[in-house]
Every structure is written in structure tokens, then in C-alpha cells.
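Data block below; observations after.
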Amino acid sequence: MEFTRPRGTRDFLPSEMEKRRHVESLMRHTFDSFGYSEVATPTFENLELFTTKSGEEIKEHLYHFKDKGDRDLALRPELTAAVMRLYINELQVAPKPQKIFYIGNCFRYERPQSGRYREFWQVGAELIGSSRPEADAEVIALAMDTLNALKLKNCELHIGHIGILRGILEENGVKEDDQEQLMGIIDKGEEAELQAFLDDLGLSPDVQRTLNAILYLKGEKNEGVLIKAKKLLSGNPEALDALNNFRVVLDKLDAFGVEDYTINLGIARGLDYYTGTVFEIYAANLGAQKQICGGGTYSLVEVLGGKKTPTCGFAFGFDRVILALEKEGYGFEEGTKTRFFVMATGPELADDALKVARRLRGRFPAEADIMARKMGKALKYASNRGFSHAVILGEDEFKTGRLIIKDLRTGKQVEIGTNEVETFEP
Ligand code: AMP
């Protein structure tokens with residue numbers, strides 16, 4: 001019998017893990033540079049955390065189960081709810097704003113396809129405790145600077161403001177539940193379902209026309225989108241307030257150095273309690289699953305039983321970021337790392353080879369041959385495994401306190417003293 005991986009999951013071979021760790025460390029570096037600190041939460045949570053956040057229908061997309069104590073648990077489908085729970089449990093009295101980031105695996109029961117998995121990784125940040133436009137602008141800048149640090153070229157930032165849609169709905173008496181459902185439908189992009197739902201809500205043709213016009217309002221920064229929106233919203237004071245807030249966020253974004261984006265008032269972001277600025281980043285070369293990041297301002301702390309607190313944040317789909325980088329031929333610094341493979345020409349020096357490897361390990365990754373291979377085979381193995389250097393202990397040289405270091409990429413070799421192992425720079 002052959003065991004295979006569960007559907008929608010992946011194994012990562014060493015070369016893949018090297019890429020992932022490399023990208024992860026660059027991302028961590030940018031988060032650090034913005035003053036965000038890392039947290040970790042459990043892989044599974046009480047099911048209720050996610051149904052409270054996103055409604056009972058989320059269960060369809062969850063891996064959930066009962067444990068032996070009859071508790072309803074779920075593998076996390078994302079980390080925002082968990083981070084908000086952590087904030088409520090541990091950080092409510094800490095100075096604000098709190099700036100937090102996380103890297104973790106998530107699980108969703110979805111139909112697997114390219115860029116869509118049942119186990120995938122999210123890297124995200126949350127800024128908790130500021131409702132100022134600077135906060136919205138900062139998280140957008142953090143997301144974009146992270147991608148800039150990775151040198152991802154083909155990505156598009158779209159920014160909208162869900163308060164505008166909500167303002168129109170609010171002013172026309174659409175209940176909270178219906179608003180959430182509508183956001184879900186807009187997010188799915190199902191045109192016919194959307195029009196049918198708008199009819200069901202009993203909205204007048206005028207209001208429907210305004211909503212539709214707003215949903216399709218999109219354009220580069222200087223294309224007058226905000227002016228058009230202002231005209232459309234002339235009779236909607238709440239929506240106009242939201243538009244004004246949006247304008248200030250975009251102004252702040254300039255100061256954060258983010259200048260290249262599309263204003264897109266049709267972003268709704270599904271069932272996630274988004275309230276104000278919302279944004280998505282797309283990597284055009286990824287096809288159907290091109291959204292590599294989604295975020296915005298949301299209101300969740302009070303929904304989960306904490307004190308009302310403004311929050312904004314985002315999550316990258318880490319796997320999709322890697323895919324997008326690969327599509328652009330990103331080098332991942334492969335093969336540039338110095339790694340030594342130490343070998344002896346005969347069995348009598350095998351222990352000395354182990355000792356030399358140990359001495360090198362203080363500064364570089366180093367292994368010694370533990371298969372008693374002959375030189376030729378050992379060199380071949382070292383090349384195949386991608387070692388940059390072979391250290392060769394030959395009987396005659398070693399007796400006189402010398403050993404050979406061969407650069408396996410160029411074939412060049414040098415002889416050094418055995419007492420230089422700790423100081424040798426390749
Ligand atoms: P969401 O929590 O749905 O806003 O997702 C945030 C990001 O996670 C998305 O922009 C995607 O890049 C990524 N993502 C969501 N679902 C999956 C999945 N099933 N497989 C891979 N990446 C995903």
C-alpha cells in the first residue's frame with residue numbers, strides 16, 4: 001500500500017524550503033523595520049471563534065471536528081480572528097497602537113487548483129488601536145514595502161473604501177445581516193446574483209443605480225475617480241463622510257511613499273467585518289488565483305467580546321507570493337551559500353575529517369563524509385548536493401599540517417594550514 005498526501009496539501013523538498021525560508025526572512029525583516037512584532041497562536045481554535053467572525057456558513061469551508069472531550073474545534077482558516085482573540089486575552093491593556101505580525105499555516109476545505117490549497121500559509125500584520133488615516137496608510141505601505149523588498153515587479157495595488165457602500169446601504173435602511181451577505185456576493189463577483197439580491201432588498205431603482213455605479217468606479221489615482229464618486233453620492237451624507245475619510249487616507253499614503261495604485265470602489269472583501277479602507281494586491285501573472293494580499297480596516301474586537309477597538313491589517317497568501325516570484329524568474333540566491341563538505345583520502349583520516357567539519361561549523365554549514373567514500377565519489381556527491389567547497393584531507397598533506405580546499409563551482413583549489421580552519425575565508 002502506498003500512502004499519498006491528503007488532497008490539497010503539499011510536501012516541500014529542501015530546495016523549496018530554502019526558497020520559502022529566504023522569502024520569509026526578507027518579509028520578517030520588513031515587518032521588523034516597521035516596528036511590528038511577531039506572535040504565534042494555536043493551529044486549532046474553538047470553532048466558535050470563526051463562526052462568530054464569519055457566520056455559520058464558514059463551516060462549509062473549514063476543517064472542524066470534535067475532540068475527545070466533545071469540544072468543537074477547527075483548524076484555523078486564517079489568523080486575524082486568532083490574533084484578535086490573543087489581543088483580547090493578553091494585550092488589551094498594553095499601550096496602543098499595538099503592531100503585530102504572524103506567519104502561519106491555514107486550512108480551508110476548498111477545491112484545490114493552482115494557487116489554491118487546502119493547507120496554505122499566510123503572512124499578515126495587524127495594527128490595533130488607531131482609527132486614524134495614518135494607520136490605514138501604514139498597513140498598506142507595509143504590504144507594498146514587503147513586496148518591494150522582495151523585488152516583485154508585476155503586482156497591482158487596488159484600494160477602495162467599504163464605508164462608501166455601507167453608507168449608501170445604511171441610509172437606505174439595509175440591515176447589518178443583509179449588508180454582510182451583500183458584501184459576500186460582491187466579493188464573489190457573481191453579477192446576476194448581485195442584481196437579484198439588490199432587487200430582493202427592495203432598493204429603489206435610483207439607489208440601485210448609485211450602488212452599481214459605485215461598484216464599477218475604478219481608475220488610476222489622477223483619473224478623477226474621487227470627483228465622480230462625490231457627484232454620485234451627493235444625496236448620501238454618510239457615504240460622503242466615508243469618501244472624505246478615504247481621500248485623507250490616500251493623501252497619507254503619499255507621505256508613506258505609496259504612489260502607484262488603482263482606486264477601486266468595488267472591493268468588498270467578503271464576510272470579514274471590513275468597515276473602511278480595503279485593499280487587494282494582485283500578481284497579474286498568476287491567472288485566476290492572482291490575489292496575493294487582502295486587507296483593510298475592520299471591526300472585530302467587540303464582535304469577539306472585547307472593548308470596541310479600531311483595527312486594520314492584511315494577510316499575504318505566502319504560497320502565491322512565492323509562485324509570483326518564481327514566474328518572474330526570481331533567483332532566490334540559490335547556490336551562493338558557502339557550505340563545506342569535508343572528505344578524507346583514506347579511512348585513517350576519517351575521524352580527522354569529522355573534527356575539521358566540527359571546527360568549520362562555528363562559521364559555516366559543514367558536513368563530513370560518513371560513508372567512507374573514495375575521493376571521486378565523495379566529490380561527485382558534494383557537487384550533486386550543491387556544496388560550494390570540498391575540504392580534502394590527503395594523507396601526505398595532513399601529516400605536514402596542510403589540507404586542500406576546492407571550490408566546487410570554479411574547480412580552483414588552495415592549500416591552507418590545518419591551523420587556519422577557524423580563520424579561512426573562502
Ligand atoms: P483571505 O483571508 O481570504 O483574505 O486571504 C488572504 C490571502 O490568502 C489571499 O489574498 C490569498 O493570497 C491567500 N489565500 C486564501 N485562500 C488560499 C488558498 N486556499 N490557497 C492559497 N492561498 C490562499
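What you see is a predicted model; the values in this text were computed from it and never measured. Whatever order the structure lists them in is the order used to number ligands and atoms, beginning at 1.
Atoms of ligand 1 found under 4.0 Å from any heavy atom of Ile292 (numbered from 1 in listed order, with element): 10 (O), 12 (O). Of all the atoms in ligand 1, the ones that sit under 4.0 Å from a non-hydrogen atom of Gly115 are 20 (N), 21 (C), 22 (N). Each of the following atoms of ligand 1 lies closer than 4.0 Å to a heavy atom of Arg269: 4 (O). Against a heavy-atom cut-off of under 4.0 Å, Cys293 is close to the following atoms of ligand 1: 10 (O).
No side-chain heavy atom of Thr311 sits under 4.5 Å from any side-chain heavy atom of Glu126. Residues Phe31 and Glu38 are not in side-chain contact: their nearest non-hydrogen atoms beyond the backbone lie 4.5 Å or more apart.
At a heavy-atom cutoff of 4.0 Å, ligand 1 is contacted by the side chain of Glu110 but not by its backbone. Contacts between Gln291 and ligand 1 below 4.0 angstrom, taking non-hydrogen atoms only, involve backbone and side chain alike. The backbone and the side chain of Tyr117 each have at least one atom closer than 4.0 Å to an atom of ligand 1 (non-hydrogen atoms only).
Ring planes of Phe387 and Phe341: tilted class, angle from 30 to 60°.
Below 3.5 Å of separation, one finds an N or O of Gln122 facing an N or O of ligand 1.
Of the listed options Arg108, Glu78, Gln113, His61, Arg108 places a heavy atom closest to atom 1 (P) of ligand 1.
Interatomic distance, CZ of Phe256 versus CD of Glu138, reported as 4.5 Å (0.5 Å rounding).
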Assess whether ring pair (Phe, Tyr, Trp, His ring centres under 6.0 Å) is satisfied between Tyr36 and Phe101, documenting all intermediate values. CA-CA 6 Å; Tyr36 284 63; Phe101 81 91; 7.8 Å; no
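For the residue pair Arg385 and Arg339, the shortest heavy atom distance occurs at O-NH1, 3.2 Å.
Here Phe314 and Phe316 bring their ring centres to under 6.0 angstrom of each other.
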